[in-house]
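Each ligand, and each atom within it, is numbered from 1 in the order the structure gives. The first residue in the sequence is number 1, and the count goes up from there.
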Amino acid sequence: MKKMKPESLMMSHGYKSELSVGAIKCPIFQTSTFEFESAEEGKRFFELAYGHRKPAPNEEMGLIYSRINNPDLEILENRLCLWDEAEDAAVFESGMSAISTVMLEFLNPGDLLLMSSPVYGGTDHFSKHVLDRFGIHLMEFSATDRIEEIRARLDASGMAHRLGLIHVETPANPTNAMIDLRAIAELAARYSTEERRVITAVDNTYMGPIWQHPLKHGADLVLYSATKYIGGHSDLIAGAVLGSRELMTRVKTLRTFLGNMTSPYTGWLLMRSLETLKVRMDRQAANAEKIAEFLHAHPKTEKVYFPGIQRRTDKDLDALMKRQCTSNGAMIAFDVAGGEAEAFKFLNALKLVKLAVSLGSTESLAQHPATMTHVDVSEEGRRAMNITGKLVRLSVGVESAEDLIWDIEQALNKVDVPQKAAPQPAV
Ligand SMILES: *Cc1c(COP(=O)(O)O)cnc(C)c1O
């Protein structure tokens, strides 16, 4: 049979209708436990679940208990693997539980975590205030730092031999700064030894799983807040981790004991979302190109942070985007001419675009990073990332681009740009 694209397989992959009275859709297996056909079968399943023996050829582990396995989660995980061409996947009850489980599994007391900055606020808090209590050290680097600078800092720290995990978020939220994943994989290889491999994990929430595939660029694990594009309808919280079977066995084992897997109902909702993932994201990206263009040309906006605009004048960014991404994405940040007062006026005047945090959903959302998602970032950090009072972040949805631009235009019309030293007409 022809090798089909993931979007063609999202309605059927991994599901056997004969096991569910012919139902065309996978039912919700709202059950905590599963009946064994015999005591011998129960014994065999447990041997595999606890790794007491290797599976025989063609032997699959059976269903035991929904914290360990459930058909909605297993089929969802099989489908998620297709987009990133991963060997295995695990779904979690939130993006934060996916991220924190990976950090807890691959870091031990005394180890060093190397992390890009800025990262999602929850990730930032977990690494600084929770991992810290377990004696795990943190070193941050900025999306704009050169690899040689990072290496020099690692070498000077005296901690390089304890480097356990590199966690990267690219593009960085909210200003879309891009990190070269190939360079990060080379960095991990340089600090890996025979006994100890440095693991790289990439939070791909902003670009994945359609527009960027970190595993193809040398990452070991790819992480998602499935609340965002994968869920895509602002109606659930979930997360995912993907990677090699070997690493995923470790992630799934810790998940079994933390008990932070997603529920069958959320798994079912996510399968429904995956059927339209490609069409949604294609439309969102096409809308974002048009909106970024409009914002770029508008007299009441200043800088527009969108790779599609920035790569025109930044050759390095253009080369990196060509290598690493298949789209400019659908997240735009831009400065409203003036400051916080003008940005607020714009946000309050929006009619179609909703004023809310989160991203990647069918409806367009706008928010103010400096006072909302990034309020916890230090003053200095905010300045380094251009997160000022005038910055607005826009997550572009699937609405009509014409209607979105109409809304943005009428909201910008409500903004009175302070005239700085404009020449006064003679009276
Ligand atoms: C939202 C988000 C998270 C956290 O995900 P939750 O599903 O809210 O737990 C992590 N990383 C990024 C980049 C996000 O946008």
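Using bins of under 30°, 30° to 60° and over 60° for the plane-to-plane angle, the ring pair Y50/F46 lands in the parallel bin.
For the residue pair T123 and E169, no side-chain donor N or O sits within less than 3.5 Å of a side-chain acceptor on the partner. A donor-acceptor contact under 3.5 angstrom links the side chains of H368 and T371, judged on distance only.
E35 pairs by the side chain to side chain contact (heavy atoms under 4.5 Å, CB included) definition with nothing, not counting sequence neighbours. For T313, there are no side chain to side chain contact (heavy atoms under 4.5 Å, CB included) partners at least two apart in sequence or on another chain.
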Name the atoms and distances for all side-chain donor-acceptor pairs under 3.5 Å in residues 328-345, with sequence neighbours left out.
from : atom 1 : to   : atom 2 : distance (Å)
N328 : OD1    : R311 : NH1    : 2.8
N328 : ND2    : E289 : OE2    : 2.7
E342 : OE1    : G339 : N      : 2.8
K345 : NZ     : D416 : OD2    : 3.3

Identify the protein atoms, limited to N or O, that lie within less than 3.5 Å of an N or O atom of ligand 1, and list each pair with its distance to 0.1 Å.
from     : atom 1 : to   : atom 2 : distance (Å)
ligand 1 : 5 (O)  : S225 : OG     : 3.0
ligand 1 : 7 (O)  : G95  : N      : 2.9
ligand 1 : 7 (O)  : S225 : OG     : 2.9
ligand 1 : 7 (O)  : T227 : OG1    : 2.6
ligand 1 : 9 (O)  : G95  : N      : 3.0
ligand 1 : 9 (O)  : M96  : N      : 2.8
ligand 1 : 11 (N) : D203 : OD2    : 2.7
ligand 1 : 15 (O) : K228 : NZ     : 2.7

